[in-house]
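What follows is a set of notes on a single structure, which appears directly below.
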Amino acid sequence: TIPTLVYLPLGRYRTGPLTLPTSSAGIVGQGNSVSVLKRLSGAPTTGALLTASGKSGFTIADIGFDGDKANQTLGANNLTLSACSDFKLLRVRSVNAKTAAGFGSGIVLSQTPSTNATGRAVLVENCEVYDNDGTGLHILRTGAAITVRGGVYSSNGGTGVQYDRQGITPAADTVPNIQIIGVRAERNTGSGISTAGFTVVGLNSVQTYGHGSDPVYGAVISGCQANY
């Protein structure tokens, strides 16, 4: 468990899953290539290198996350933030996440319908997310008040940057308010940048898009390079 604020000096630190325990916490390094959290070789759990749930007002900056996929059997995401608001990811590097049983993303922002209800913003800026087995940056559910600006989301086994509602009914008359600006999402196995509407599981477990709310409305994608 991480205390209120951690300064991570130069070094590569082998670790199991860590948790950000309180709001207004943070972890700051000397640079994402020199202050690195690296997954234990042969890690015995599927926990992310760093997880936060229901927290707000924190910053994660100048840190590298290395899933060390070549030395893993179990899959895991590198960084998972669930139902968090008013936070910043600045110059974070996330690489080598291992895919198995639905894991393997570099960064996962798993929002809920009430997240950012007061308009507090989420900023993901100048991050480097590449060489993960799964998606680079996966934004699930409402995605309200999120800006992804600059950075590289390339050479991932899934999509570079993916936004979807994944089965949560949108609130009436709401706008997702997500901006993806000036990112490079190239040479991914899936799409470079992808958005999808609210989905339900239909006949024969086939996902069906519907309910009249498409997150392309209120989403701005500009100045990006994707999968060329």
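Bear in mind the structure is a predicted one, so any value in this text is a computation, not a measurement.
Put simply, the side chain of I193 reaches to within 4.5 Å of the side chain of I221, judged on heavy atoms. With contacts defined as side-chain heavy-atom distances shorter than 4.5 Å, the pair S82/T51 does not qualify. V36 has its side chain out of reach of Y13: every pair of non-hydrogen atoms, C-beta onward, lies at least 4.5 Å apart. Using a 4.5 Å heavy-atom threshold, the side chains of K69 and R39 count as separate. Inter-residue side-chain proximity for S35 and Y7 is flagged as unmet; no heavy-atom pair is nearer than 4.5 Å. I146 is not listed as a side-chain neighbour of L123, based on a closest heavy-atom distance of 4.5 Å or more. At least one side-chain heavy atom of Y130 sits under 4.5 Å from a side-chain heavy atom of R93.
Checked against L37 for a side chain to side chain contact (heavy atoms under 4.5 Å, CB included), the options L18, N78, D66, L79 give a single hit: L18.
In this structure, N132 CG and I107 CD1 are separated by 8.5 Å, a value rounded to the nearest 0.5 Å. Rounding to the nearest 0.5 Å places CG of L109 at 5.5 Å from CG of L137.
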Pair D68, N96 - check side-chain hydrogen bond (donor to acceptor under 3.5 Å, both in side chains), show working. CA-CA 5 Å; D68 192 24; N96 295 326; over 6 Å; no
Residues L81, L89; criterion side-chain contact (heavy atoms from CB on, under 4.5 Å); working and verdict: CA-CA 11 Å; L81 307 178; L89 302 182; 4.0 Å; yes
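N32 contributes a side-chain N or O that, together with a main-chain N or O of R91, makes up a donor-acceptor pair within less than 3.5 Å. Between the side chain of Q225 and the backbone N or O of V183 there is no donor-acceptor pair closer than 3.5 Å. Using a distance-only test at 3.5 Å, with no hydrogens or angles considered, a donor-acceptor pair links the side chain of N77 to the main chain of S105. N227 contributes a side-chain N or O that, together with a main-chain N or O of N188, makes up a donor-acceptor pair within less than 3.5 Å.
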